[in-house]
Amino acid sequence: MNLHSLSKYVKPLLLGAIATVLIVSLLAGIGFVRINFSSWLENLGIFTFWWLFFSLLIYKIPYFRKNKKVVYNMLGLLLLLLVATIIDSLWGIPDNPITFPLIIIFWLGLAYLVLPRFFQKYKIAILSVYAVLFSYFLVFRMRADYFESHQENVVSFLLVPIPVLIGLWFYEQWRWLRSLQADKAKAELALLKSQINPHFFFNTLNNLYGLAVEKSDQAPAVILTLSEMMRYTIYEGKEEWVPLKKEIVYLENYIELHRIRYQNQVDIRFDIQGSNDWQVAPLLFIILLENAFKHGAESLTEGAYIHMSLHSSKEELVFAIENNFDQSQNMKAEGIGLINLNKRLHHIYPKQHELLLEEHSSVYTARLSIRSS
């Protein structure tokens, strides 16, 4: 939750606290309510409830303006509370067993109006708990020693569900915000993948165009390899995880395309060591390999090389690539590929990865390490 999200709750909470203090002070001043300062737990529970009640009312003002029916229902609940208060005042019976159910109905109705989805989700549990608590109250209210031995315990038990339900509501809001953040991250990740695929195929189709112009006999092999790579990108690329060995085959197909293009004029080496049992996010390593060809081999007329290694253990997976390049080229300039790669790594492997890009003389090195969780 960011500061902007918190700020919209701060004002209603502050105004709710002020309203609670003013109204309670006014009612206590005219003798409508009496506060027993020795019952701190009861007072804390009542104050907390009314504070959150008034805060929610203030927060929901735009909603109430659009939903007049809810306002009428609230007026009906207030009328119910007024009737219960009048009956209690006229009869003068402390902890009147007639007014208690009316007050409980008022609270439950209010909770339903203010938090309808939350109440609907937990209504069976809420109604069951208050039915048990009201039965508990009636049993002890009929006893002669109720006021001496049981009143404080009964009132406390009636108040216990309030902070529990408030805490449960806050937990639901926290889960909802986490869910929104997760959905946002997934949407961003899908967008990044969709940006990677056109970038790669644009370069590859350019290569195929060159072979077609030359009427090379290798063009059919390139088309077949490209078809396999497209199939991998479309079907495997949308998956969250793929076996490492499939990603290796994808890289080898890409390398084979360029071997055909450059007629072995580029020294390409790919050293693979360790276990291939890893599950990795698809289409991660291809970006670094693409850059090595684009900014390295394509910028040199002779002596170009690309040396790669993929070493894996149970604890760590390391992909390293080294290539030479024309010094007039700036290998560190980040295009859309490297920008997206960094974003994907932060989404998928937070605090589990390290990407190092180094340029020394005419040699460029990229090293991506991923630690197992």
Side-chain angles (χ1 to χ4, degrees), residues 189-272 276 278-310 319-326 329 331 334-341 344 364 366 368:
L189 204 53
L191 178 60
L192 293 176
K193 285 185 177 181
S194 70
Q195 291 172 336
I196 286 172
N197 299 343
H199 177 65
F200 163 71
F201 287 113
F202 175 78
N203 290 337
T204 307
L205 287 173
N206 275 344
N207 298 343
L208 181 59
Y209 173 77
L211 291 174
V213 169
E214 296 172 1
K215 297 181 179 180
S216 171
D217 294 337
Q218 294 174 320
V222 172
I223 294 173
L224 180 60
T225 304
L226 180 60
S227 174
E228 293 176 356
M229 296 183 70
M230 289 182 68
R231 185 179 296 107
Y232 178 85
T233 305
I234 293 171
Y235 294 106
E236 304 292 342
K238 68 181 180 180
E239 299 296 329
E240 187 175 2
W241 306 104
V242 296
L244 177 60
K245 57 185 177 182
K246 287 190 176 183
E247 193 75 2
I248 291 173
V249 171
Y250 183 74
L251 294 174
E252 290 175 336
N253 282 335
Y254 183 87
I255 293 169
E256 185 59 28
L257 285 177
H258 284 80
R259 287 190 194 276
I260 295 173
R261 178 188 177 190
Y262 289 106
Q263 299 294 326
N264 296 322
Q265 294 177 3
V266 180
D267 179 18
I268 305 173
R269 303 177 189 176
F270 191 10
D271 176 44
I272 303 170
N276 293 342
W278 272 69
Q279 295 284 322
V280 296
L283 307 174
L284 283 181
F285 310 119
I286 189 64
I287 300 301
L288 299 176
L289 181 54
E290 274 191 295
N291 277 359
F293 277 103
K294 182 178 179 181
H295 299 290
E298 292 182 11
S299 70
L300 296 169
T301 56
E302 59 181 15
Y305 72 86
I306 297 175
H307 295 168
M308 294 168 290
S309 64
L310 183 60
F319 178 75
I321 185 167
E322 178 184 296
N323 64 276
N324 57 346
F325 66 98
D326 186 345
Q329 299 280 338
M331 286 288 294
E334 286 198 349
I336 186 174
L338 283 178
I339 292 173
N340 284 352
L341 175 60
R344 289 189 68 204
Y364 184 80
L368 172 59

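The shortest side-chain heavy-atom distance between Tyr232 and Leu283 falls under the 4.5 Å cut-off. Side-chain contact between Ile272 and Glu252: present, with at least one pair of heavy atoms (C-beta onward) separated by less than 4.5 Å. Residues Leu338 and Leu288 meet the side-chain proximity criterion, which asks for heavy atoms closer than 4.5 Å.
Taking CE from Met229 and CD from Glu256, the interatomic distance works out to 11.0 Å, rounded to the nearest 0.5 Å. Atom OH in Tyr364 sits 10.0 Å away from atom CD1 in Ile321 (nearest 0.5 Å). Distance check, rounded to the nearest 0.5 Å: CG of Leu310 to CD of Glu247 gives 9.5 Å. Note: Leu289 CG to Ile306 CD1 = 6.5 Å, rounded to the nearest 0.5 Å. Interatomic distance, Leu284 CG to Leu251 CG, rounded to the nearest 0.5 Å: 10.0 Å.
Between Arg259 and Ile268, the closest heavy-atom pair is NH2-O, 3.3 Å. Considering all non-hydrogen atoms of both residues, Arg344 and Ala281 come closest at NH2-CB, 4.1 Å.
Checked by atom type and distance alone, the side chain of Ser227 never pairs as donor or acceptor with a backbone atom of Ile223 at under 3.5 Å. Of the possible polar contacts, one joining the Asn324 side chain to the Tyr305 backbone as a donor-acceptor pair under 3.5 Å is found.
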Next on the checklist: Apply side-chain contact (heavy atoms from CB on, under 4.5 Å) to residues Met308 and Ile255 and explain how you reach the verdict.
Outcome noted: CA-CA 11 Å; Met308 294 168 290; Ile255 293 169; 3.1 Å; yes
Item to check | Trace of the side-chain contact (heavy atoms from CB on, under 4.5 Å) decision for Asn291 with Phe325 | outcome: CA-CA 11 Å; Asn291 277 359; Phe325 66 98; over 6 Å; no
Checklist entry - Where do Lys246 and Val249 land on the side-chain contact (heavy atoms from CB on, under 4.5 Å) test, with the steps shown first? => result CA-CA 5 Å; Lys246 287 190 176 183; Val249 171; 5.7 Å; no
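Classification of Arg269 and Asp267 as a salt-bridged pair holds, one side-chain N sitting under 4.0 Å from a carboxylate O.
Between Phe319 and Phe285, the ring planes are tilted. Angles from 30° to 60° get that label.
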